Amino acid sequence: GRGRGGRGDVRAMAMSETKSRSSEVHTRADGTRVLRRTEVFKTESEIVLAPYGRYAGTTGRKFDKSIQRDTFGNVKGPEYDLSPDGTFKGQHIAILQLYTGEGLTLASLTAALEKKGFTIQLWTRLPPVDEFVAGLKRSCQLWVISGSSRVVTPSHVQAIQTLVNLNKGLFIWGDNDPFNADANYILSNLTQTSSLSLRGNYIGDQVLEEADDRDSAGFKPGHLILTGLQSLYEGITIAAVRGEPAQFRCLVRSSDSNVVTAIHDRGHARIMIDGGYTRLMESSWEKTAGTSRFVTNSACWLYNHESRVAKQRAKAAAASPASANYTRDDITNGAGGGGSGAVVKSINANSTLARNVTALLATTRCIPGAKFAKQYALAYNTELDLKGGKLKDLLVRLEGSGVCVLETRGVVLYVRGA
């Protein structure tokens, strides 16, 4: 049988063109109130977000015991999700639902994703290729819920490959055999997952918890998708992810210790594979452990913020023909190495250096001045010549160009975005 009835700042990227701001007062679980400022920056083609909340990556056992929990031990409240509610306003998720039986309406799934700000494009039958391509173009990710007989065509798979190559997210949902037909066809025809498949018919119906080691049933804490979870329902009748270990990482093992949820996170491509979509059914949604948080965290992770940051940094580095290296002459020209007669000369705001610093500070709330050169080198693989007291000269010149703002807290100098 198939089954039984924090801090969520949105920060600017280097190529931003327009900006809007808002402030909201939020009440934490302990009763304290905090002001969260949100900034949304738009380019010609996308909104670039820094979407993670203050508890990102923290799983259930690490939360204070005084925090209110549900009947399964998971901390209660959207503030413990990976991303705050409303973070993804303006972003679209395309869902291709190829199985609609047994109460799988996706009503609760859609409502949960919409709370995070996503707009949902739902197809309950395979659309024409042109319509499919247009839907993927305006979406940040695609979810596919597999049917028992393959209907996906090679042209649709090519559109999905293009989506993945553009570093947009992909979530492949299957279930027990034979409800993996579309899932396996897509997986086997994507470059990133060509060896992978969903196989099996295991009756699970158990609640999983944090595992002590990576080979035991449950989930090993530490991944962003598992934020706020201590318990997670595995699904009713489920399949296991099979294939070459080089193409996936285990995220969750079902109660028989097989991989029920896997991720591919290489080369800026983000793909999730899950063998238990019975957990999405209306009869299971609210009665099972962690389902809503798991799927919304997954969507937030599949937005692929990290890849977007890397893309914007690359754009910033390529935006100006000037060298990305900040040479000794550049630093001393006009700054005088900090001498008494030095005249501060601002940095060209359109230079590669200025664009790089803008992008770096857009993804980091505040950097101690002493760590600035190291952070820059890690981001752009470029060592700045900042010896002999030249660091402060450089930062003052960047501030004079409107690239950054300098703050002194006690005796420590900090750099933040303008």
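These numbers were taken from a predicted model, which means no experiment stands behind them.
For the residue pair D175 / S146, no side-chain donor-acceptor distance below 3.5 Å is found, with atom types taken as modelled. Judged by distance alone, the side chains of S139 and Q121 never bring a donor and an acceptor atom under 3.5 Å apart.
Atom CG of N297 is separated from atom OG of S292 by 9.0 Å, given to the nearest 0.5 angstrom. Between the CG atom of L142 and the CD1 atom of I160 there is a distance of 5.5 Å, given to the nearest 0.5 Å. The distance from atom CH2 of W285 to atom OH of Y233, rounded to the nearest 0.5 Å, is 13.5 Å. Between the CG atom of L229 and the OG1 atom of T291 there is a distance of 9.5 Å, given to the nearest 0.5 Å. Separating the CG atom in L226 from the OG1 atom in T58 is a distance of 11.5 Å, to the nearest 0.5 Å.
The environment of CZ in R266 is crowded: more than 12 heavy-atom neighbours from other residues, nucleotides or ligands sit within 6.0 Å. Within 6.0 Å of the NZ atom in K220, the count of heavy atoms belonging to other residues, nucleotides or ligands exceeds 12.
In this structure, F63 has its ring center under 6.0 Å from that of Y55. For W173 and Y99, the distance between ring centers is not under 6.0 angstrom.
Annotation: cation-pi geometry satisfied between R279 and F294 (NZ/CZ under 6.0 angstrom from ring centroid, within 45° of ring axis). Judged by a 6.0 Å distance limit and a 45° cone about the ring axis, R409 is positioned over the six-membered ring of Y414.
Of the candidates W123, Y185, F132, H156 forms a ring pair (Phe, Tyr, Trp, His ring centres under 6.0 Å) with just one, namely F132. Exactly one residue among E209, R69, E210, R61 makes a side-chain hydrogen bond (donor to acceptor under 3.5 Å, both in side chains) with Q230. That residue is R69.
The minimum heavy-atom distance between G290 and N74, with the atom names listed, is N-ND2, 3.5 Å. The shortest heavy-atom contact between P51 and S83 is O-OG, 3.1 Å.
The existence of a salt bridge linking D81 and R293 is confirmed by a sub-4.0 Å separation between a basic side-chain nitrogen and an acidic carboxylate oxygen.
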